[in-house]
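Just below is one structure, and these are the notes that go with it.
If you read the sequence from its start, that first residue is 1, and numbering goes on from there.
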Amino acid sequence: MARLLWQNTERYAGIVTVPASPVLSGAQLATLRERGEERSAAVGDILFRVGDRSYPFIAIIEGEAAVQDGAEREIVRHGTSNFLGEINLLSGQTVAVTAVVTEPTRYIAVDRDELRRLLFEDAALSDLLLATFMARREALQLEGVGIEVVGPRSSESTRQMIAYLQRNRLAYVWRDPEHSEDPEAAALLATLDVSELPLLRLPGGEELRNPSNGEVSRAVGVGLELAPREEVDLVVIGGGPAGLGAAVYGASEGLDTLLVEGTALGGQAGTSRRIENYLGFPAGISGSELTSRAVTQARKFSARTATPYRAIALEPGSDRHIVRLEGENEVSARAVVLATGAEYRRLPVDDLADYEGVSVFYAAGPPEAQRCGASRVGVIGGGNSAGQAAVWLARGGALVTLLHRRENLSETMSDYLLLELERYGVAVRDRSEVETLHGSDGELEAVTLRDGTRLAFSFLFLFLGASPCTQWLDDVVARDEHGFLLTGEEAGADGLLETSVPGIFAAGDVRSGSVKRCATAVGEGAMVVRFVHQRLSGVPA
């Protein structure tokens with residue numbers, strides 16, 4: 001049975017909400033036995049170790065195995081009818097822990113690809129495994145297991161790397177001698193030039209100095225490396241719900257499909273702690289879990305996902321369109337779906353950059369919730385994302401105040417979230433806008449509102465909406481006055497989701513007039529494939 005850190009995940013005040021070591025039923029073990037291979041292991045045998053690039057899903061029939069970090073510190077033990085593994089079983093990320101047998105063990109080993117197929121055939125098993133994998137990833141991050149990042153908060157490149165790891169849901173520990181007693185990290189920093197920050201130590205021992213996002217992604221085994229020129233039927237630019245929807249439906253309907261994303265798969269929805277109003281999930285689903293399921297679906301149908309590759313130019317053609325990517329890569333496609341979504345809006349105040357990544361954040365994940373416990377926290381925004389973050393942080397023990405600029409929060413936030421704010425004691429201030437930040441060395445102490453009110457906050461979370469990511473398109477396709485892409489009749493196009501350029505389509509938040517909801521974006525991503533097929537086959541829309 002499970003003990004130690006993960007014995008009861010409820011201890012994290014809501015941060016992790018499912019047991020990290022649930023028990024498989026007899027029927028589930030029988031199903032796994034049909035799809036895998038029964039093996040045995042003696043005490044001391046290693047089932048997988050830190051730095052491995054792949055390992056099978058392991059269901060324990062009888063016996064016990066301990067999960068350890070790189071320093072052989074025991075994190076948890078799994079026994080009879082438990083299973084081993086976390087989200088890297090699906091993502092392909094380098095293994096961050098070691099599993100060692102502590103009692104004579106018989107177990108079932110299921111190959112990763114076979115496990116993926118099984119997840120689509122057995123809904124109950126899929127729900128159990130995916131929820132547990134996500135809980136384990138968050139628990140590992142709370143324990144500081146994964147990529148070691150050595151660098152001070154005063155280093156902008158270090159803060160940017162932390163933001164990248166967070167958005168990609170990669171387990172990491174941040175060693176910052178400026179804000180904690182860490183003699184080893186301080187000694188390491190003394191040997192490094194500013195241009196070498198941050199230093200990353202990967203599972204398995206490899207070190208990287210001031211690496212690019214792409215170098216990190218491929219070093220830990222989650223980044224597809226594109227050829228200098230790729231030729232596909234359909235290229236999808238953007239990995240949010242609309243882009244993932246287009247990739248799943250495009251590939252499932254026989255199109256050679258490539259999805260390109262510049263930061264992290266999932267977009268803004270991927271950072272949401274809980275999406276309560278998504279059809280088919282009455283108990284809600286986290287953005288990261290929804291993203292993981294969508295990516296697994298896309299890969300099942302042989303769609304490829306490439307990240308981080310940033311699109312920098314689009315060159316329309318008569319038969320094929322060229323998408324140029326940062327780093328001298330290019331994609332030639334018969335059809336293009338633009339699903340680039342939107343970027344976070346920043347607070348229009350002086351010195352904001354000094355606080356970002358230190359005490360000002362744009363997403364509320366487990367590390368932030370742990371850091372903010374029992375602190376005064378401000379959440380700025382009036383939409384559902386702001387409400388979800390406020391509830392999440394309050395559940396973690398923070399004293400949360402939500403500030404928004406409208407007269408009534410019900411104008412922009414769902415009713416169920418308004419009830420949750422009240423339930424968890426979140427204070428709400430209407431018609432409130434921040435004018436000044438107060439603090440030093442990136443540590444926030446207070447904010448002043450436009451009406452002169454001063455509020456003491458140690459942390460600030462910003463959910464101010466977003467601007468469309470369309471600047472890179474220049475004048476290639478028609479946009480409205482706010483930069484969103486025109487489609488259908490407004491663009492003079494035949495298809496509902498086609499832009500002003502035949503064969504180039506738009507879906508999700510980047511489209512002018514779209515409904516900014518996750519389910520709507522997924523629907524548009526699915527629907528756009530119909531118009532792609534019509535364009536490629538020459539059938540009128």
Side-chain angles (χ1 to χ4, degrees), residues 1-2 6-10 14-39 55-63 65 67 76 78-92 99 106-140 169 241 244-245 248-249 252 266 269-270 272-301 518-519 522 526:
M1 72 182 170
W6 292 344
Q7 186 174 22
N8 181 2
T9 53
E10 292 294 333
I15 291 176
V16 179
T17 57
V18 299
S21 198
V23 175
L24 294 165
S25 69
Q28 288 171 331
L29 283 171
T31 298
L32 291 166
R33 185 178 280 109
E34 292 175 357
R35 307 297 282 268
E37 175 186 355
E38 188 170 324
R39 302 175 184 175
Y55 65 102
F57 172 80
I58 293 172
I60 299 176
I61 302 172
E62 61 180 16
V67 176
V76 65
H78 298 297
T80 299
S81 297
N82 294 157
F83 57 87
L84 279 67
E86 53 112 0
I87 201 65
N88 57 12
L89 259 173
L90 303 178
S91 69
R106 288 192 304 118
Y107 65 93
I108 302 166
V110 182
D111 178 75
R112 175 185 293 171
D113 291 335
E114 188 64 30
L115 177 66
R116 283 201 183 103
R117 286 189 284 271
L118 181 57
L119 292 181
F120 284 94
E121 298 170 11
D122 191 323
L125 183 63
S126 175
D127 288 343
L128 175 67
L129 297 191
L130 288 174
T132 305
F133 288 169
M134 293 305 305
R136 288 176 177 174
R137 168 56 60 87
E138 294 189 349
L140 285 176
R169 297 169 292 281
L244 287 169
V248 167
Y249 280 86
S252 69
S272 177
R273 301 312 312 165
R274 181 66 49 178
I275 302 171
E276 299 282 1
N277 55 358
Y278 194 88
L279 183 66
F281 293 91
I285 184 171
S286 71
S288 56
E289 185 177 349
L290 184 64
T291 298
S292 296
R293 288 171 178 264
V295 172
T296 302
Q297 246 180 324
R299 289 172 177 163
K300 171 190 175 183
F301 294 117
C518 181
V522 172

For [X] and [Y], work out which heavy atoms get closest and say how close.
| X | Y | value |
| --- | --- | --- |
| T291 | G266 | OG1-CA, 3.3 Å |
| G36 | I108 | CA-CG2, 4.2 Å |
| A294 | V248 | O-CG2, 3.7 Å |
| I60 | A65 | CD1-N, 4.3 Å |

Quick one: does [X]'s side chain get under 4.5 Å of [Y]'s, heavy atoms only?
| X | Y | answer |
| --- | --- | --- |
| R106 | R39 | no |
| L115 | L129 | yes |
| Y55 | L84 | no |
| S81 | I61 | no |
| P56 | D111 | no |
| N82 | L24 | no |
| V295 | Q297 | no |
| R136 | V67 | no |

- Query: Roughly how far apart are E62 CD and T80 OG1, rounded to 0.5 Å?
  - Reply: 6.5 Å
- Output for pair (E114 CD, L119 CG), nearest 0.5 Å, gives 10.5 Å
- Is F57 atom CZ crowded by more than 12 heavy atoms from other residues, nucleotides or ligands, each under 6.0 Å away? yes
- Query: Among L118, I58, D122, which one satisfies side chain to side chain contact (heavy atoms under 4.5 Å, CB included) with L32?
  - Reply: L118
- Do V110 and E37 pass the side-chain contact (heavy atoms from CB on, under 4.5 Å) test, and can you show the C-alpha distance, the side-chain angles, and the key distance before you say yes or no? CA-CA 7 Å; V110 182; E37 175 186 355; over 6 Å; no
- Output yes when E121 and R116 qualify as a salt bridge under the 4.0 Å nitrogen-oxygen rule, no when they do not. no
- Task: Mark yes or no for whether R112, through its side chain, and L89, through its backbone, hold a donor-acceptor pair below 3.5 Å.
- Result: yes
- Which of parallel (below 30°), tilted (30 to 60°) and perpendicular (above 60°) describes F83 and F133? perpendicular
